[in-house]
Amino acid sequence: MDSPSWIGDSLTARMIPRHSSLDSFGAMKVYQLVNLASIRVSKAELRQRVMLPKYLRLAIHDCILRKDDSSAASSSSSAAPPSDGCQTPEVPLMVFVNPKSGGRQGPLIKERLQNLISKDQVFDLTEVKPNEFIRYGLGCLEALAAQGDECAKEIREKMRIVVAGGDGTVGWVLGCLGELNVQNRQPVPPVSIMPLGTGNDLSRSFGWGGSFPFAWKSAIKRTLHRASIAPISRLDSWNILITMPCGEIVDPPYSLKTTQECFIDQSLEIEGELPPTTNGYEGVFYNYFSIGMDAQVAYGFHHLRNEKPYLANGPIANKIIYSGYGCSQGWFMTHCTNDPGLRGLKNIMTLHIKKLDSSEWEKVPVPKSVRAVVALNLHSYGSGRNPWGNLKQDYLEKRGFVEAQADDGLLEIFGLKQGWHASFVMVELISAKHIAQAAAIRLEIRGGEWKDAFMQMDGEPWKQPMNKDYATFVDIKRVPHQSLIVKGD
């Protein structure tokens with residue numbers, strides 16, 4: 001939301017006070033004096049700064065390829081350091097590329113990246129998943145470091161990640177990196193962003209821009225250099241748990257996985273029927289979660305883009321198609337239809353929240369006219385818009401709100417009505433319908449006449465099957481460890 005906090009060399013996860021962005025104001029001012037866009041760096045200089053020694057590149061590549069444990073890679077002859085020692089890069093970079101992003105220009109961008117640094121440091125996400133790199137690639141470095149390889153140890157500690165893709169891709173990588181905290185395998189590498197998606201709200205929020213430049217060949221080199229020198233900020237991460245009656249989500253996003261750890265807090269008032277048996281899905285988001293018409297439009301757009309990829313040849317074309325699809329879904333014609341699927345969410349949804357530093361649940365009414373509810377973590381939604389708005393202090397005090405930050409442990413919950421209301425919100429003529437600020441959220445969704453509900457998080461939508469007789473529950477709470485993002489501006 002507002003500029004996130006700055007941190008120094010320490011990577012210890014901790015909560016930042018609400019106005020912590022002022023703590024390192026001096027460092028911010030010094031950094032802002034440097035115009036990164038004007039910096040010119042040669043290919044040789046870039047390689048010297050970010051490229052791993054050959055023996056480590058080969059060891060990591062071999063370990064990932066074989067999907068073998070790290071001890072096997074560390075004992076191979078390819079993992080032997082040169083007899084005359086090795087030169088450790090200042091800031092070793094690993095790059096993940098989503099070839100389906102960037103108007104389908106991902107393969108060309110990947111080729112350019114491999115040419116600039118090294119083929120073994122650039123991973124195609126359709127071939128190597130981020131969890132595989134974390135398990136086998138980082139595991140290889142950790143095994144070598146444990147055997148006394150100081151070069152591997154230093155590279156593991158100083159490594160940074162670059163993600164070339166949209167918000168969903170960035171969230172996927174951040175979620176996998178977050179598992180390092182669970183496994184007590186710190187430090188967690190910070191992430192830089194090369195924006196190749198449609199909305200790119202995460203990228204906008206941290207200074208990497210809303211789209212990648214048309215002159216992308218020269219921009220890639222500058223982006224890699226910025227990724228290696230820019231300071232690091234913190235970002236709250238949010239865990240989502242969906243507990244549903246027996247059934248499954250068809251084609252869930254990468255960031256949503258099945259789980260056996262289903263829990264329904266029965267101390268809360270439950271308006272529907274508890275399912276006798278349940279299935280669970282769990283994931284993490286960083287910018288927003290939403291339910292309702294906006295997610296339905298996003299779902300239709302994603303399926304159209306996948307079925308007819310020739311239409312998705314760039315961000316501008318994507319936004320035109322997206323807008324047209326929104327008009328075709330009844331977003332602008334609610335009052336002209338009697339379809340129960342197009343009525344307000346109040347008919348099927350109950351909302352409970354916990355406020356910051358409170359253990360008590362509070363029921364919050366869902367406005368009657370609202371057709372989409374969004375829980376937002378950043379100041380950027382829908383390609384850079386700020387639907388929460390820049391609220392005046394007297395209004396904040398009147399509503400019991402506080403100024404929104406990216407690392408404050410709170411989500412801003414707002415509603416969108418029909419398409420006309422959403423349109424005025426998106427051009428920032430008005431604010432969205434403010435509902436609450438929350439440190440934890442519980443949604444109870446009752447099916448009734450609804451066969452499906454549409455949901456999305458960080459730009460990745462899905463169709464949530466509903467049950468006529470039993471309720472579905474969505475629980476959202478903050479992840480204890482914050483994510484680390486490299487500031488691009």
Side-chain angles (χ1 to χ4, degrees), residues 6-14 24 27 31 34 36 39 41 44-61 63-64 70 73-74 79 81-82 85-96 113 116-118 120-123 130 133-164 173-174 176-181 183-194 206 208 221-235 481-488:
W6 299 82
I7 65 175
D9 295 331
S10 174
L11 299 183
T12 304
R14 58 184 175 87
S24 302
Y31 179 69
V34 181
L36 289 175
I39 294 177
V41 58
E45 291 171 327
L46 180 66
R47 284 191 162 200
Q48 185 177 9
R49 184 173 182 81
V50 307
M51 192 166 72
L52 275 64
K54 184 177 180 180
Y55 83 97
L56 288 179
R57 299 200 308 269
L58 293 176
I60 292 171
H61 179 268
C63 197
I64 294 173
S70 54
S74 63
C86 71
Q87 183 176 356
T88 306
E90 289 184 57
V91 185
L93 292 182
M94 291 291 186
V95 185
F96 293 99
L113 285 163
L116 279 174
I117 46 177
S118 165
D120 297 319
Q121 287 177 235
V122 180
F123 300 96
F133 169 77
I134 290 165
R135 179 176 178 181
Y136 303 114
L138 293 186
C140 174
L141 290 176
E142 290 163 356
L144 290 168
Q147 295 176 10
D149 189 326
E150 291 299 322
C151 185
K153 179 182 178 181
E154 188 174 349
I155 285 173
R156 171 65 182 90
E157 291 174 349
K158 297 194 301 184
M159 181 177 291
R160 293 187 176 192
I161 303 292
V162 179
V163 180
V173 174
L174 285 173
C176 293
L177 289 171
E179 289 299 309
L180 291 171
N181 285 312
Q183 299 165 12
N184 198 27
R185 294 170 59 193
Q186 291 85 2
V188 178
V191 171
S192 306
I193 305 171
M194 194 175 292
F206 290 95
W208 294 99
K221 190 192 300 181
R222 291 197 302 271
T223 298
L224 292 175
H225 182 68
R226 289 163 63 191
S228 72
I229 67 173
I232 300 167
S233 57
R234 294 184 183 273
L235 169 67
H481 300 280
Q482 292 174 312
S483 297
L484 301 177
I485 307 288
V486 178
K487 285 286 290 184

Report, as yes or no, whether the 6.0 Å neighbourhood of atom NZ on K153 holds more than 12 heavy atoms from other residues, nucleotides or ligands.
no
V50 to S228 - nearest heavy-atom pair and separation:
CG1-CB, 4.0 Å
Do the side chain of Q121 and the main chain of L93 share a donor and acceptor less than 3.5 angstrom apart?
yes
Going from CG on L141 to OH on Y136, what distance comes out if it is rounded to the nearest 0.5 angstrom?
15.5 Å
side-chain contact (heavy atoms from CB on, under 4.5 Å) for L224 and V95? Distances and angles first, verdict last.
CA-CA 9 Å; L224 292 175; V95 185; 4.2 Å; yes
Side-chain heavy atoms of C151 within contact of L144, under 4.5 Å
no
Validation row: P187, R156 side chains within 4.5 angstrom (heavy atoms):
yes
Could you check if a side-chain atom of F133 sits within less than 4.5 angstrom of a side-chain atom of L138, using non-hydrogen atoms only?
yes
Looking at CE of M159 and CD of E154, how far apart are the two atoms once the value is rounded to the nearest 0.5 Å?
12.0 Å
Please assess R49 against V91 for the test side-chain contact (heavy atoms from CB on, under 4.5 Å), listing each intermediate value before the final yes or no.
CA-CA 6 Å; R49 184 173 182 81; V91 185; 4.0 Å; yes
Which distance, rounded to the nearest 0.5 Å, do you find between the CG of L180 and the CD1 of I134?
5.0 Å
Between the main-chain N or O of A230 and the side-chain N or O of K487, is there a donor-acceptor pair closer than 3.5 Å?
no
Nearest heavy-atom neighbours spanning I64 and F123:
CD1-CE2, 3.8 Å
Using side-chain heavy atoms (C-beta onward) and a distance below 4.5 Å, is K221 in contact with L46?
yes
Under 4.5 Å between any side-chain heavy atoms of I232 and R160, yes or no?
yes
Is N181 close to Q186 at the side-chain level, that is, under 4.5 Å between some pair of heavy atoms?
yes
When rounded to the nearest 0.5 angstrom, what is the spacing between CD in E179 and CZ in R185?
10.0 Å
Looking only at heavy atoms, which two atoms of S192 and W208 are closest? And how far apart?
CB-CZ2, 3.6 Å
Heavy atoms only: give me the nearest S483-L174 pair and the separation to one decimal.
CB-CD2, 4.2 Å
Answer yes or no: is there a donor N or O on one side and an acceptor on the other, between the side chain of R47 and the main chain of I117, under 3.5 Å?
yes
Is M94 close to L52 at the side-chain level, that is, under 4.5 Å between some pair of heavy atoms?
yes
List the steps and the verdict of side-chain contact (heavy atoms from CB on, under 4.5 Å) for E45 and H225.
CA-CA 10 Å; E45 291 171 327; H225 182 68; over 6 Å; no
Side chain to side chain, S233 and I485, heavy atoms closer than 4.5 Å:
yes
Considering non-hydrogen atoms only, spot the tightest contact between M194 and T223 and give its length.
CE-CG2, 3.8 Å
Which heavy atom of A227 sits nearest to which heavy atom of V162, and what is that distance?
CB-CG2, 3.8 Å
